[in-house]
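Here's the structure we're looking at; comments come further down.
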Amino acid sequence: MSASFAIKLDSSINGISKAVELILKGELVAFPTETVYGLGAMASNETAVAKIFKTKNRPDFNPLISHYSNIDAIKLDVEFNLLASKLAEKFWPGPLTLVLNKTPNSRISGLASANLSTAAVRIPSHPIAIALLEQVKLPVVAPSANPSTRVSPVSAEHVERLLGDKSIYILDGGSSQIGLESTVIDLSTGHPRLLRYGGTNLSAIESVIGPIEIANEFSDIRSPGMMLKHYSPLCPLRLDYQNPKPGEALIAFGPGPIPEGFAAVINISPSSNLDEAASNLFAALHRLEAQNASGIAVMPIPTEGIGLAINDRLIRAAKL
Ligand code: TXA
Ligand code: MG
């Protein structure tokens, strides 16, 4: 019998074994990764994958990422190529997702890859995710564990707040350290393209495989991570902080004086450290959303390194 509301599991050996058992039975289990919490299901089980789309209210044209504990298993499901090998060697396990052509006998269901001939794969570095994936021994799809368009969760409490009324299980493994989703690179054609900024810096990737084209909404409507509205809190968010509005909260950055007149202030990195800011951003948005801020204003954050991913998320969060 499945749960009628979210049930938490602890991350003990027993908790992880229970999560493995549930995934193999076709249930949905949210679990921690180093980027954000994912909502996991067996990639080969169409019924389980369908439940993911329904639970997240996700459009079925938006494909999912399959998660693995090792490269040999990935090679059963997608065609690895030279560029993929180079990036895998350098960045896996870690916050990088590769889009590759599916193999003829790929175990990733058509629904999971939105009936495309390609599929997205990654090896996360979070020890609980790896322990889970090693025991499941099959690909596990895991979109961020939030309803479509909302802010991704970076703790079990966030998942509970976002999906607590759904029939899912939540494996509690503390906070996700990186705090933003993986970088997505399309390697399915001869020329690599960035489909989503994320936890692995573009410059680091380019130093391994050379320059990468940056896809946008207009060049490729099939990369739905580029859909405009996304990562949005329930209240309006704006990318400037002049003239505070009543009840508005501020997300501050850097050591400078905090502008006056905001109902609440969270400084996501007083020392202007971009990794720290990335790690704190979604948690700050969840906190301000839970406090019923009437709006959120954000101070400028430099567009370099992971700051590119931070700004990408903020721009989408600010879309109406
Ligand atoms: O960090 C992450 O990647 C997290 C954790 C849980 O691993 N997962 C995540 O999944 O962010 P999701 O579903 O929220 O985002 C998956 C992204 C979407 O932008 C989707 O469009 C893109 O990957 N994607 C997946 N398969 C694709 C494909 N075959 N072609 C193009 N884009 C694809
Ligand atoms: Mg997502």
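Note that ligands are numbered from 1 as they come in the structure, with each ligand's atoms numbered from 1 the same way. When a residue number appears, it is its place in the shown sequence, counting from 1.
A side chain to side chain contact (heavy atoms under 4.5 Å, CB included) with R122 is found for exactly one of L98, I65, V184, I74, namely I65. The side chain to side chain contact (heavy atoms under 4.5 Å, CB included) test with Y197 singles out one residue from L180, L202, T183, and that residue is L202. The residue from I123, T200, L87 that alone fulfils the side chain to side chain contact (heavy atoms under 4.5 Å, CB included) condition with W92 is I123.
Around atom 27 (C) of ligand 1, the closest heavy atom drawn from G94, P63, S117 belongs to P63.
Counting atoms of ligand 1 from 1 in the listed order, those under 4.0 Å from a heavy atom of G38 are 6 (C). Counting atoms of ligand 1 from 1 in the listed order, those under 4.0 Å from a heavy atom of L195 are 31 (C), 32 (N). Set against the non-hydrogen atoms of P143, the atoms of ligand 1 under 4.0 Å away are 10 (O), 12 (P), 13 (O). Within ligand 1, counting atoms from 1 as listed, the ones closer than 4.0 Å to a heavy atom of A142 are 6 (C), 8 (N), 10 (O).
Ring orientation note: the planes of H286 and H158 are close to parallel, at an angle under 30° on the 30°/60° scale.
L239 and L274 fall within a single hydrophobic cluster, where Ile, Leu, Val, Met, Phe, Trp and Tyr are joined by side-chain heavy atoms under 4.5 Å apart, directly or via other members. Both V29 and I7 are assigned to one and the same hydrophobic cluster, defined by single-linkage of ILVMFWY side chains at heavy-atom distances under 4.5 Å.
Under the salt bridge (Lys or Arg N to Asp or Glu O under 4.0 Å) criterion, R107 pairs with D77, sequence neighbours left out.
Only the side chain of N62 comes within 4.0 Å of ligand 1, counting heavy atoms alone; its backbone N, CA, C and O stay farther away. Looking at R58 against ligand 1, only its side chain comes within 4.0 Å, counting heavy atoms. The proximity of T118 to ligand 1, defined as any non-hydrogen pair under 4.0 Å, involves the side chain as well as the backbone.
Protein N/O/S atoms closer than 2.8 Å to the Mg ion (ligand 2): S144 OG.
Ion pairing between a basic and an acidic side chain is recognised when a charged N comes within 4.0 Å of a carboxylate O; E157 and K8 show such pairing.
Scanning both residues, Y68 and I108, for their nearest heavy atoms gives OH-CD1, 3.5 Å.
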